[in-house]
Each structure stands twice: as structure tokens, then as C-alpha cells.
Amino acid sequence: MELFSLTKNTTVTDIQWQAYPIGISLLLLCLFTIVGNLFIICVIIRDRMLHTSKYYYIVSLAFADLLVGLITMPLAFVFEMTDDEYWLFPQHLRILCDFWHGLDMFASTASIFGLCAIGMDRYAAITRPLEYPNALISKRCYYILSFIWISSAIISFPPVIYFGTEKALLRTYIIRMI
């Protein structure tokens, strides 16, 4: 199987895996991320008592972290174990690398915005407990969650599309020629 490398073409058998203890730790961290966030999402979906705005924010955060655990962490694991040099797919599938970087920024940004929304929700619940049920953060949680995910997409995907792998490789090639 050919791998895409910035410096040379190689095969899977040529990769020198760096450290097995680090690899096992990263793999376990990835699995715990996936399983933990799936448990959180399943519990909140199944229990009707948890269908409130504060738990919707938690589900949104868990879903963002689940995306990180399912897509971003496994590919980052491979990069880490191969000295940040190899891409698993053939060179003509570079768009998957761009998609991976975009999804990484998207899920991380959604996670950060989700934490901010949870913080604002808890602040409103603590400082104004009598007014909280009618507060914007609690009554309009669907709008706030939509804003979180749409703004995360706007922040993350356009830069990756503009500064994609193709342009980065072209810049690297031009610098090497000089």
C-alpha cells in the first residue's frame, strides 16, 4: 500500500513505529473518548427527564468530542506514530487530508463554543434562578446550538479550502527549488 509522504513514496512496511507504549496510550485515549461520549449521548437521549436545555448543551459538546474521537484522533494517532510524515491515502486523495484538518478544526471549535454555552447557561441558572426558565439561554437553546455549529463550520472550513494541501505542497516545492 502506497502512502502519501511530503518527502518520498513509501509503503506501510517501511514505517518505523516509534514507541509502542505511546501508541497503546493514544489508542486507549481514543477508545475512551468514543465510548464515554457515546454513553453520555445515549443516556441523555433515553432519559426523558434530561431533555432540558442544559443537557442539550452537554449532548452538543459530547457530539463534538465524539467527532474528534472518531475521525480526528485515529488519523492523528497514525501521524504521531509515523513521525508526522505519512498520510494513509494515495496522493490523488489529498482532499481527504484537507477534510480531516477541516473536521478537526470544526469539532474543536464546536467543542469550545459548547463549553462557553454551558458556562453561560450555568451562570444564568446560578445568578438568576427564578428568571432562568424564561432566560434566552434556556428558552432559545436550539438557536444557540445552531449558532454554535454554523459558526464553527464558517470558522473552520473556508481556511482549509483556501489553504489546502495542494497549495501547501506547491509552497513546499517552490521553497525547495530556491
Side-chain angles (χ1 to χ4, degrees), residues 21-81 84 87-89 94-168:
I22 292 173
I24 291 170
S25 300
L26 291 174
L27 190 60
L28 286 174
L29 182 64
C30 183
L31 290 174
F32 286 145
T33 301
I34 294 168
V35 171
N37 285 303
L38 279 175
F39 280 153
I40 290 169
I41 293 169
C42 288
V43 165
I44 293 174
I45 287 174
R46 292 187 79 201
D47 191 350
R48 295 298 244 184
M49 296 289 291
L50 302 179
H51 287 208
T52 61
S53 64
K54 68 180 171 182
Y55 292 108
Y56 292 151
Y57 293 128
I58 292 172
V59 166
S60 176
L61 177 64
F63 184 72
D65 292 340
L66 181 65
L67 286 177
V68 171
L70 284 173
I71 298 168
T72 302
M73 288 174 78
L75 293 172
F77 165 76
V78 172
F79 274 169
E80 181 63 34
M81 296 309 292
D84 296 332
W87 178 244
L88 287 177
F89 302 103
R94 272 190 228 135
I95 192 156
L96 292 176
C97 183
D98 293 338
F99 175 74
W100 172 61
H101 282 114
L103 195 64
D104 181 23
M105 288 193 305
F106 173 67
S108 299
T109 305
S111 181
I112 291 167
F113 286 166
L115 286 171
C116 291
I118 290 171
M120 290 188 317
D121 181 66
R122 296 294 81 212
Y123 176 78
I126 291 170
T127 58
R128 296 189 179 109
L130 297 177
E131 300 158 5
Y132 173 72
N134 295 324
L136 172 77
I137 193 87
S138 113
K139 260 189 117 90
R140 308 270 191 263
C141 71
Y142 297 114
Y143 296 119
I144 294 172
L145 289 172
S146 298
F147 173 78
I148 287 171
W149 289 95
I150 291 169
S151 61
S152 296
I154 290 171
I155 288 171
S156 61
F157 287 115
V160 170
I161 292 169
Y162 183 74
F163 300 110
T165 306
E166 194 73 40
K167 290 182 182 179

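Side chains included, hydrogens not; waters and symmetry mates left out as well; all remaining heavy atoms used.
- To the nearest 0.5 Å, atom CD1 of residue I150 and atom OH of residue Y143 are 12.0 Å apart.
- In this structure, CZ in F63 is found 12.5 Å from OG in S111, a value given to the nearest 0.5 Å.
- In plain terms, the two heavy atoms of L66 and I34 that are nearest each other are CD1-O, 3.7 Å.
- Rounding to the nearest 0.5 Å gives a distance of 5.5 Å between CD1 of I58 and CD1 of I44.
- For the pair F113/S60, no side-chain contact is recorded, criterion being any heavy-atom separation below 4.5 Å from C-beta on.
- Scanning both residues, F157 and L103, for their nearest heavy atoms gives CE2-N, 3.8 Å.
- Expressed to the nearest 0.5 Å, how far OG1 of T127 lies from CZ of R122 amounts to 10.5 Å.
- Counting all heavy atoms, side chain and backbone alike, K54 lies closest to D121 at CB-OD2, 3.2 Å.
- Across all their heavy atoms, I144 and A117 have their closest contact at CG2-CB, 4.4 Å.
- Closest non-hydrogen pair, L67 versus F106, comes out as CD1-CE2, 4.3 Å.
- Summarising the local packing, CZ of R128 is surrounded by 12 or fewer heavy atoms from other residues, nucleotides or ligands at distances under 6.0 Å.
- Here the side chain of T33 pairs a donor or acceptor atom with the backbone of L29 at under 3.5 angstrom.
- Nearest heavy-atom pair across I148 and A110 is CG2-O, 3.8 Å.
- The local environment of OH in Y132 is crowded, with over 12 non-hydrogen atoms from other residues, nucleotides or ligands closer than 6.0 Å.
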